[in-house]
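Just dropping this structure here.
Every chain is numbered from 1 and lettered A, B, ... according to where its sequence line falls, protein lines coming before strand lines.
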Number of protein chains: 2
Amino acid sequence: MPSERTRRRIPEATVARLPVYLRILGELADDEVESISSDGLADLAGVNAAKVRKDLSFLGSYGTRGVGYVVAYLVYQVRRELGLTHDWPVVIVGAGNLGHALAGHGGFSQRGFPVAAVVDVDPEKVGSVLGGVLVRHIDELSEIVQSKQINIGVVATSASGAQDAAERLVRAGVTSILNFAPVVLSVPRSVEVRKVDLAAELQILSYYEHRRSLAAHGQGSSHSATVVGLATDNGVARRSANA
Amino acid sequence: MPSERTRRRIPEATVARLPVYLRILGELADDEVESISSDGLADLAGVNAAKVRKDLSFLGSYGTRGVGYVVAYLVYQVRRELGLTHDWPVVIVGAGNLGHALAGHGGFSQRGFPVAAVVDVDPEKVGSVLGGVLVRHIDELSEIVQSKQINIGVVATSASGAQDAAERLVRAGVTSILNFAPVVLSVPRSVEVRKVDLAAELQILSYYEHRRSLAAHGQGSSHSATVVGLATDNGVARRSANA
DNA sequence: ATGCATTCGTGCGCGCGTTCACAAAGCGCG
DNA sequence: CGCGCTTTGTGAACGCGCGCACGAATGCAT
């Protein structure tokens with residue numbers, strides 16, 4: 001009966017890894033693997049074994065020494081901690097290219113985030129159907145959010161429409177936003193925002209590519225001093241993935 | 001002529017913020033703003049002013065005390081550091097929902113990452129046109145990568161196809177991968193991988209929503225001890241965005 | 001020319017997250 | 001029933017990044 005107590009705060013870094021563990025545990029369960037060691041899980045997740053143990057220890061002591069973790073039980077605990085014991089319907093703002101793909105992407109509803117609605121400012125787009133959901137006008141947002149008890153909104157508009165979309169979402173009562181537009185949203189502190197910036201990701205890759213090319217055909221010549229240590233392995237070593 | 005030296009290593013956290021600064025600086029330039037202080041830039045980027053100064057100091061001393069930073073010059077320096085002085089053509093693997101959206105998304109080529117090619121395993125999809133690019137068969141990957149000098153690959157396949165896609169990309173000579181599939185890719189250490197996991201992002205939001213709801217209608221009753229500190233403002237405070 | 005206001009660049013302390021290393025705990029076998 | 005093997009859970013050391021606070025530099029007004 002250790003279900004409702006143990007409410008310690010979980011570090012953000014750990015929270016960010018829990019979904020990864022959860023996905024892997026789900027796959028293991030599908031393969032009828034019954035238990036897994038922190039070592040095995042670490043391998044599959046591409047992280048350090050000690051980190052896995054410490055992360056999981058924030059949920060409680062659900063492992064068995066000498067054995068490992070019971071997959072099914074751990075799945076349940078992680079899901080509970082992440083609040084995945086029930087579905088979280090989401091509303092997508094923006095029926096453009098990206099909104100289209102997101103609505104059609106099966107992975108969402110499959111993982112507990114059914115697309116309850118798609119809205120757009122453009123009356124032209126209203127009425128079409130995306131991924132089985134009818135596109136409605138953004139003015140109906142409040143009504144939709146409240147009638148369907150939606151807490152999470154997805155901003156899939158252009159950069160110029162994003163701030164307005166965010167404000168409408170907040171006014172409608174949404175308290176968490178996933179933002180795909182390349183802008184910094186201004187929202188009340190009480191609203192949680194996570195950002196996915198595709199161009200930024202590519203630019204970060206560009207940085208490392210650029211650096212690599214500098215190292216490769218040695219920018220000047222002369223000293224071989226700079227050559228060592230430029231192998232650009234910034235941490236993350238991944239072993240081949242078999243348990 | 002301080003162009004080719006000054007090759008100090010830049011912290012990963014800073015590299016991740018440079019694209020944000022760059023985008024904002026671009027907007028300022030469009031608005032014909034000539035210079036900006038670290039304070040103003042910090043406001044627009046939603047970060048601390050000291051952090052902005054420290055980040056920019058890794059590029060060199062390009063500010064003027066008492067004045068700020070000259071926008072145009074700073075744009076140039078950030079772009080140079082990120083390796084954005086030339087375009088980086090990318091190849092997208094997977095012509096499904098997501099690949100479709102990415103290819104059609106103008107933001108990529110606009111920011112220096114033109115979609116040079118889209119490939120897919122499914123012969124059915126080969127021949128169609130996505131975002132002005134012809135979809136070709138994945139067997140032609142090596143030839144495409146080499147003839148078009150591509151360094152960056154985007155994995156937009158299903159989870160089950162991702163590892164194979166990554167291996168083909170690596171074999172073809174790609175050294176950086178942006179992965180949208182929810183799997184941990186096994187690649188040589190020398191290949192840089194960045195991951196974008198949409199479901200994981202939603203699950204992280206779910207965690208905070210869940211916590212909030214626990215705090216809201218107090219999960220058990222009894223002690224009010226756990227109530228304090230659950231305001232869930234994990235850092236990032238955003239001021240309203242005017243310089 | 002001198003003083004004042006502004007803003008950069010950075011040394012320093014602090015807190016968080018990662019990793020090591022080890023004791024405690026459970027399992028199975030003889 | 002005890003011994004040895006495995007694996008967890010965690011205390012402690014380390015390192016990185018964040019933010020404060022201040023000296024240094026620059027522009028402007030008088």
Nearest whole Å is fine: how far is dT8(D) C1' from K51(A) NZ? 18 Å
How are the rings of Y76(A) and Y73(A) set to each other: parallel, tilted or perpendicular (split at 30° and 60°)? parallel
Could you state the interatomic distance from CD1 (I10(B)) to CG (L59(B)), rounded to the nearest 0.5 Å? 5.5 Å
Tell me if the CD atom of E34(B) is crowded by more than 12 foreign heavy atoms within 6.0 Å. no
Establish whether the base of dT8(D) is bridged to the side chain of R65(A) by a donor-acceptor pair shorter than 3.5 Å. yes
Residue S37(A), side-chain heavy atoms: nucleotide from dG9(D), dT7(D), dT19(C) that is nearest: dT7(D)
Rounded to whole angstroms, how far apart are CD on E12(A) and P on dT18(C)? 11 Å
Would you indicate, yes or no, if dG17(D) has its OP1 or OP2 atom less than 4.0 angstrom from a side-chain nitrogen or oxygen of N48(B)? no
5'-most contact on DNA chain C: S61(B) or T64(A), nearest heavy atom basis? S61(B)
Atom CG of L56(A) to atom P of dT7(D): distance rounded to whole Å? 15 Å
In whole angstrom, give the distance that lies between atom CZ of R9(A) and atom C1' of dG17(C). 11 Å
Classify the nucleic acid contact of A50(B) as base, sugar-phosphate or nothing, counting any heavy atom under 4.0 Å across all strands shown. base
What is the distance, to the nearest angstrom, from the CG atom on D55(A) to the C1' atom on dT8(D)? 14 Å
Mind calculating the distance between CD1 (I36(A)) and C1' (dT8(D)) to the nearest angstrom? 14 Å
Would one find a side-chain N or O of S38(A) under 4.0 angstrom from OP1 or OP2 of dT8(D)? yes
Look at R17(B) and dG17(D) and indicate whether a side-chain polar atom (N or O) is within less than 4.0 Å of OP1 or OP2. no
Check whether any side-chain N or O of R53(B) sits under 4.0 Å from OP1 or OP2 of dA24(D), and answer yes or no. no
Here the distance between atom P of dT7(C) and atom CG of L41(B), to the nearest Å, is 14 Å
Hey, does the side chain of Y69(A) come within less than 4.0 Å of dG9(D)'s phosphate (OP1/OP2), counting only N and O? yes
Spacing of CD belonging to E192(B) relative to CZ belonging to R211(A), to within rounding of 0.5 Å: 11.5 Å
Under the 3.5 Å rule, do the base of dT19(C) and the side chain of K54(A) count as making a donor-acceptor pair? yes
Given atom CG of D39(A) and atom P of dT8(D), what is their separation to the nearest angstrom? 7 Å
CG/L169(A) to OG/S176(A) distance, rounded to the nearest 0.5 angstrom? 11.0 Å
